[in-house]
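We number each residue from 1, following the sequence as shown. Remember, predicted model here, so these are calculated numbers, not experimental data.
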Amino acid sequence: MNPIPYGRQHITEADIAAVVETLQSDFLTQGPKVAEFEQAFARYVGARYAVACANGTAALHLCSLALGVSQESRVITTPITFVASANGVRYCGGQVEFSDIDPDTALLDVEKVRELIESKPKGYYSGIIPVDFAGNPVNLEPFRQLADEHGLWLVEDAAHSPGGYFIDSQGEKQHCGNGNYADLAIFSFHPVKHIATGEGGMVTTNSEELYQKLLLYRTHGITRDPALMEKNHGGWYMEMQELGYNYRIPDMLCALGLSQLSRAEEGLERRRAIANVYDEAFAGVAGIQTLTTTPEALHGEKTGHAYHLYVIRVPERKGLYDYLREHHIFAQVHYIPAHTMPYYRSLGYKKGDFPAAEHYYAECLSLPMYPTLTETEQAFVIKKVKEFVQQ
Ligand SMILES: *Cc1c(COP(=O)(O)O)cnc(C)c1O
């Protein structure tokens, strides 16, 4: 059996043809595919605007820039995430305030966030970054309510959840990144994510004002739009109005993204089918726990979970990880709590600060989950997991 990773991209002949076609066009960096990808992606998630950029981390930095994060800003996020969710705030000098997870879902616990906010005077915090961890969409409605009560902004890190949704209190499907509850949302097109462009990212929003700022910061803070400029010396004229970055994504990667996006629903269906097989295989097995997902009986669908990851919790995690590796199954751990990283410890955090996150980390393991995982491969993974746990 070939090695089985925890996640991998799926590149088709159509994807390759799309990239080659763009390579043969006149545009290697900024061309028509960028806007096409942005529009198609905005439509896919149901947002008004989308801004494509270099990667998901750049997308998070752009969010901080557009929201005006500074050294005075304090921003709350979860320790169970990829460190980039927090780092985007640090790039702007802002302070990251972690808050513990709900142990059942491993998502940022809104009640704990509320306690944290209410323990400080009004105006102390600037924003919240919930993460749709593993592809399980955060219910953003209570987060929005809390943010509005305290004048905070909300950025949804939806890197794990393109195509996912939660159902709000009105019974409406709210797709991740649709901008109805969060001010901004980010996505990543890293090869292990749903849509792969190598490097790539996207910010979505319904705010025209934030959209214009994102465009400015993506390309050096430079505008060429005469309507936005102070002066105009002629056709060549442009203005650098802010200290921006070069966070552009090339046209050929957007062509790849468009091609991948056209298969996104198919991939999502396959991920959900794989999750069902795991769910059934592990139900009632002593020593294996799964994460609670939001059950959505509405619309005839079991769940709005996007299944970037399929996580199990086992007491002997290292043993299982090593056992699977011996059999060429490369499961992975998501995540080492961000506050226990040497960098964040250097800022004052320490082990013991967030017990639910640390307990979760001690037991979690992400099993192989990607659309091209075959039934035979998945059966082999399940067999080896059970073998270890039941020995
Ligand atoms: C992958 C990921 C990112 C960063 O994306 P890159 O494209 O790798 O920079 C941010 N947040 C989360 C939760 C991620 O999983």
Side-chain angles (χ1 to χ4, degrees), residues 4-12 15 41 44-46 56 81-82 105-107 131-138 156-167 173-178 185 187-197 200 202 256-257 259-283 288 290-313 324 329-335 364-382 385:
I4 307 175
Y6 83 89
R8 65 168 303 160
Q9 72 275 22
H10 179 212
I11 301 292
T12 64
D15 291 343
F41 195 87
Y44 181 61
V45 303
T81 187
F82 183 55
T105 60
L107 301 176
V131 178
D132 298 322
F133 173 70
N136 193 17
V138 170
E156 177 186 13
D157 184 338
H160 294 185
S161 61
Y165 62 85
F166 68 95
I167 308 272
K173 253 190 198 185
Q174 298 292 345
H175 277 91
C176 299
N178 73 3
F187 296 87
S188 161
F189 307 126
H190 181 279
V192 299
K193 307 284 164 66
H194 293 59
I195 295 163
T197 65
M202 192 77 81
L256 178 55
S259 180
Q260 293 252 320
L261 183 59
S262 70
R263 294 198 314 277
E265 277 303 302
E266 226 174 279
L268 205 52
E269 282 316 303
R270 180 70 193 124
R271 285 172 185 274
R272 286 175 179 153
I274 291 169
N276 272 334
V277 172
Y278 278 139
D279 279 347
E280 281 167 25
F282 300 139
I288 301 179
T290 53
L291 290 175
T292 304
T293 63
T294 336
E296 307 292 8
L298 287 170
H299 304 280
E301 287 165 53
K302 190 180 163 200
T303 173
H305 201 306
Y307 287 107
H308 165 55
L309 303 173
Y310 188 90
V311 178
I312 59 170
R313 297 179 63 160
L324 293 178
I329 298 166
F330 296 90
Q332 189 51 280
V333 171
H334 300 93
Y335 288 97
C364 67
L365 194 64
S366 305
L367 298 181
M369 166 58 83
Y370 49 92
T372 55
L373 181 72
T374 66
E375 284 179 23
T376 315
E377 287 168 331
Q378 190 182 10
F380 180 67
V381 172
I382 291 168
V385 170

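Separating the SG atom in Cys176 from the NE2 atom in His305 is a distance of 10.0 Å, to the nearest 0.5 Å. The structure places CD of Glu375 at 10.5 Å from CD1 of Ile382, a figure rounded to the nearest 0.5 Å. Atom-to-atom distance recorded for Tyr165:OH and Gln174:CD is 12.0 Å, nearest 0.5 angstrom. Between the CG atom of Leu291 and the OH atom of Tyr310 there is a distance of 8.5 Å, given to the nearest 0.5 Å. To the nearest 0.5 angstrom, Phe282 atom CZ is 5.0 Å from Ile288 atom CD1.
The nearest pair of heavy atoms linking Gln378 to Leu373 is CB-CD2, 4.0 Å. Contact between Leu268 and Ala306 at its shortest, heavy atoms only, is CD1-O, 3.5 Å. Minimum interatomic distance between Ile4 and Tyr370 (heavy atoms only, all atoms of both residues): CG2-OH, 3.4 Å. Heavy atoms only, all atoms of each residue included: His10 and Arg263 are closest at O-NH2, 3.0 Å. Between Ile274 and Pro368, the closest heavy-atom pair is CG2-O, 4.5 Å. When all heavy atoms of His175 and Val45 are compared, the closest pair comes out as CB-O, 3.5 Å.
Side-chain contact between Val311 and Leu365 is absent, with no heavy-atom pair separated by less than 4.5 Å. Side-chain contact check for Leu107 versus Val131: every heavy-atom pair is 4.5 Å or farther apart. Proximity of Tyr44 to Leu261: side-chain heavy atoms (C-beta onward) are separated by under 4.5 Å at one or more points. Using a 4.5 Å heavy-atom threshold, the side chains of Arg271 and Pro371 count as touching.
Contacts of His334 classified as side chain to side chain contact (heavy atoms under 4.5 Å, CB included), with partners at least two apart in sequence or in another chain: Tyr6, Phe133, Leu309, Gln332, Ser366. For Gln9, the side chain to side chain contact (heavy atoms under 4.5 Å, CB included) criterion is met by Ile11, Pro191, Ala196, not counting sequence neighbours. Residues meeting the salt bridge (Lys or Arg N to Asp or Glu O under 4.0 Å) test with Arg8, sequence neighbours left out: none. Remark: Thr105 pairs with no residue by the side chain to side chain donor-acceptor pair (under 3.5 Å) rule, at least two apart or across chains. Partners of Glu377 by side chain to side chain donor-acceptor pair (under 3.5 Å), not counting sequence neighbours, listed by chain and number: Thr374.
No side-chain donor-acceptor contact under 3.5 Å links Ser259 to the backbone of Leu256.
Under 3.5 Å, the side chains of Tyr307 and Asn136 contain no donor-acceptor pair of N or O atoms. Side-chain atoms of Glu280 and Asn276 include no donor-acceptor pair closer than 3.5 Å.
A salt bridge links Glu269 and Arg272; the closest N-O separation between the charged side-chain nitrogens and carboxylate oxygens is under 4.0 Å.
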Could you walk me through whether Phe41 and Phe189 pass the ring pair (Phe, Tyr, Trp, His ring centres under 6.0 Å) check?
-> CA-CA 12 Å; Phe41 195 87; Phe189 307 126; 5.6 Å; yes

Residues His308, Lys193; criterion side chain to side chain contact (heavy atoms under 4.5 Å, CB included); working and verdict = CA-CA 7 Å; His308 165 55; Lys193 307 284 164 66; 3.9 Å; yes

Run the numbers on Val385 and Ile312 for side chain to side chain contact (heavy atoms under 4.5 Å, CB included), then give the verdict.
-> CA-CA 10 Å; Val385 170; Ile312 59 170; 4.0 Å; yes

Determine, stepwise, if the pair His194 / Gln260 fulfils side chain to side chain contact (heavy atoms under 4.5 Å, CB included).
-> CA-CA 9 Å; His194 293 59; Gln260 293 252 320; over 6 Å; no

Audit row: Thr290, Arg313, side chain to side chain donor-acceptor pair (under 3.5 Å) steps and yes/no = CA-CA 6 Å; Thr290 53; Arg313 297 179 63 160; over 6 Å; no

Side-chain donor-acceptor pairs under 3.5 Å in residues 156-163, sequence neighbours left out?
unit_1 : atom_1 : unit_2 : atom_2 : d
Glu156 : OE1    : Gly177 : N      : 2.9
Asp157 : OD1    : Ala159 : N      : 3.1
Asp157 : OD2    : Ser85  : OG     : 2.7
His160 : ND1    : Ala134 : N      : 2.9
His160 : NE2    : Tyr335 : OH     : 3.0
Ser161 : OG     : Asp132 : OD2    : 2.8
Ser161 : OG     : Ala158 : O      : 3.4

